[in-house]
Amino acid sequence: MTAAFPDIWPALPEIFLALSGIALLMLGVFRGDGFTRPVSYLAIVCMLLAAVLSMGYGAGRVVTFNGMFVMDAFGVFMKVLVLVSAAFAVILSLGFNEREQMARFEFPVLMLFATLGMLMMVSANDFISLYVGLETQSLALYVIAAFRRDHAKSSEAGLKYFVLGALSSGMLLYGASLVYGFAGTTSFDKVAALFAGGAHVSTGVVIGLVFVMAGLAFKVSAAPFHMWTPDVYEGAPTPVTAFFAAAPKVAAIALLTRVVMEPFGHLAAQWHQVLVATAILSMVIGSFVAIMQTNIKRLMAYSSIGHIGYALVGLTTGTQDGVRGVLIYMALYIAMNIGAFAVILSMKAKGRMLEEIKDFSGLSKTNPMLAATMAIFMFSMAGIPPMAGFFGKLYVFLAAIAAQEYTLAVVGVLTSVVGAFYYLRIIKIMYFDEPSVVVDKVDDDGMTGVLVITSAFTLLFFVAPAPILNGAAAAAAALFAG
């Protein structure tokens, strides 16, 4: 089967990334590990060029590759978020990998291929292409989670992620096979047309849908499928954790949103209860369990579980405003998350990484700029105005109230108050406790750049929110128009 050039045009970012990944792999093979930093720089450039190619896509909705691939404004918005956050994650890895003697050219190449899988997930229009994109991402992520081979915790993180990832993939495949068996098709468009026409919704389809949602909930680390998250976040190399916390989350949320809104948009009564339960559990577990954590990366893991719960509140409404709220939330979430991990990566004493919360004691006295930056991200994650995080929660909760999802809005506000405790505790430790260690100055130019960009965006988002708000509105409208 051949595809004419106009048919492959919507997939140009993916094709470009695939060819770039192969070229960089060959470059690394022939030049060796000493060429790791140039390969990393080229990977960042390729990701940003792919983002430009995505933004160059025109208006409208195009379905190609025999109905398996879709490109629309929703896809453009989410792909740009994925690519930008992936580029930031590669920048964060540069200095760390060299200090920890794990600078190998395969690392940025694997991140590039993982990002390729994420882009395919965002544009999936069929259960088969959905699975291909998901596994392209996952296989690369399994490897980079265990990339620090001489470190027991990293190997453990990779193994746990692989075993539980295989379980979630099996659940997703089983659900997709049930949908195919009872609906007679794997195409999102055909499934949507089938149920829009008033076809009988059999029990098999509903069970299949639940299994698919369970598999996707694992990928976004939503409770009760979050069990892998704390251990993998703690054990994986910190730049990998930063990557896990941003780009794959955005891609999986995009995929979950597309699945429930397009093929199963007419089955809202069937998936609504599942999403409500998942959102509430994620918010409650993420908020309460984080209080007991002593390791900053484990705290960030439970924080991410809670934030996914807030994002799911918007998705649960099933409305255009709700989806818009989810997109705004994810755009702001990745900025403050990447920034927070940049601070964690900057926490070093005599070259040794500091990962315990107590190590932040008196940071304002030993490194005031780093403390101020971390305070911005913590205030934002707590949802305190005028930080960006406040607006993310605002739009999600307003959508929930408009859709009369009062229980979700109330639980969201209450868990936000609980979550504020552990975020503000870090600020208290930085500004009111005595220093326990003297933190090294940030000497990595790339790290400094990431800290400046993310903190400025988080602090000053309210000054010019229009690009994100308008982009999210257009993306949500495109999803419902399709």
Side-chain angles (χ1 to χ4, degrees), residues 1-27 39 42-90 108-141 143-144 186-189 216 219 243 246-259 262 330 475 478-479 482:
M1 184 173 63
T2 59
F5 183 76
D7 294 327
I8 67 170
W9 180 257
L12 198 58
E14 286 82 356
I15 294 168
F16 173 72
L17 272 194
L19 295 176
S20 300
I22 294 168
L24 291 180
L25 182 62
M26 298 308 296
L27 185 64
V39 171
L42 288 170
I44 294 165
V45 171
C46 290
M47 289 171 179
L48 296 178
L49 284 175
V52 172
L53 288 174
S54 297
M55 288 188 286
Y57 172 78
R61 181 177 190 266
V62 176
V63 179
T64 185
F65 293 107
N66 274 15
M68 288 191 159
F69 188 96
V70 62
M71 191 60 167
D72 52 16
F74 176 81
V76 171
F77 187 85
M78 298 308 266
K79 285 180 183 182
V80 170
L81 292 187
V82 166
L83 289 160
V84 170
S85 54
F88 274 131
V90 177
V109 173
L110 283 166
M111 292 184 83
L112 198 66
F113 282 123
T115 307
L116 168 63
M118 294 171 210
L119 299 194
M120 293 168 66
M121 288 164 61
V122 172
S123 281
N125 198 46
D126 189 288
F127 282 110
I128 295 172
S129 54
L130 175 158
Y131 186 70
V132 169
L134 199 62
E135 288 308 298
T136 303
Q137 169 207 261
S138 297
L139 290 173
L141 294 184
V143 179
I144 61 172
T186 57
S187 168
F188 288 0
D189 290 341
L216 293 177
K219 299 300 180 185
F243 186 52
K249 289 276 195 303
V250 174
I253 280 285
L255 182 54
L256 180 60
T257 303
R258 199 181 282 282
V259 167
E262 288 191 339
M330 294 312 296
L479 195 66

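The analysis underlying the following values was restricted to heavy atoms, covering all of them including side chains, and did not include hydrogens, waters or symmetry mates.
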Please report the shortest heavy-atom distance between [X] and [Y], naming the atom on each side.
{"X": "Pro13", "Y": "Ala50", "value": "CB-O, 3.9 Å"}
{"X": "Cys46", "Y": "Leu112", "value": "CB-CD1, 4.4 Å"}
{"X": "Met121", "Y": "Leu130", "value": "CG-O, 4.5 Å"}
{"X": "Phe65", "Y": "Ala11", "value": "CE1-CB, 3.7 Å"}
{"X": "Met111", "Y": "Ala89", "value": "CE-CB, 3.7 Å"}
{"X": "Ala251", "Y": "Val122", "value": "CA-CG2, 4.2 Å"}

Report the distance from atom [atom1] of [X] to atom [atom2] of [Y], rounding to the nearest 0.5 Å.
{"X": "Glu14", "Y": "Thr115", "atom1": "CD", "atom2": "OG1", "value": "11.5 Å"}
{"X": "Lys219", "Y": "Met118", "atom1": "NZ", "atom2": "CE", "value": "11.0 Å"}
{"X": "Leu139", "Y": "Leu134", "atom1": "CG", "atom2": "CG", "value": "9.5 Å"}
{"X": "Thr186", "Y": "Ile128", "atom1": "OG1", "atom2": "CD1", "value": "4.0 Å"}
{"X": "Ile22", "Y": "Leu27", "atom1": "CD1", "atom2": "CG", "value": "13.5 Å"}
{"X": "Trp9", "Y": "Ile15", "atom1": "CH2", "atom2": "CD1", "value": "10.0 Å"}

(message) Checking salt bridge (Lys or Arg N to Asp or Glu O under 4.0 Å) between Arg258 and each of Asp72, Asp189, Asp126, which is the one that passes?
(response) Asp72

Under a 3.5 Å distance rule, please check whether [X] uses its side chain to pair with a backbone N or O of [Y] as donor and acceptor.
{"X": "Arg61", "Y": "Ala478", "value": "no"}
{"X": "Ser54", "Y": "Val80", "value": "no"}
{"X": "Asn125", "Y": "Gly67", "value": "yes"}
{"X": "Ser123", "Y": "Met120", "value": "no"}

(message) Using the ring centroid of each side chain, check whether Phe188 and Phe127 are separated by less than 6.0 Å.
(response)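 Phe188 vs Phe127: aromatic centres under 6.0 Å.
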
(request) Assess whether side chain to side chain contact (heavy atoms under 4.5 Å, CB included) is satisfied between Val132 and Thr136, documenting all intermediate values. (result) CA-CA 6 Å; Val132 169; Thr136 303; 4.1 Å; yes

(request) Go through the steps to decide whether Phe113 and Leu17 satisfy the test side chain to side chain contact (heavy atoms under 4.5 Å, CB included), and finish with yes or no. (result) CA-CA 8 Å; Phe113 282 123; Leu17 272 194; over 6 Å; no

(request) Report the C-alpha separation of Leu53 and Leu49 in whole Å, then their side-chain angles, then the decisive distance to 0.1 Å, and conclude whether the side chain to side chain contact (heavy atoms under 4.5 Å, CB included) test is met. (result) CA-CA 6 Å; Leu53 288 174; Leu49 284 175; 5.5 Å; no

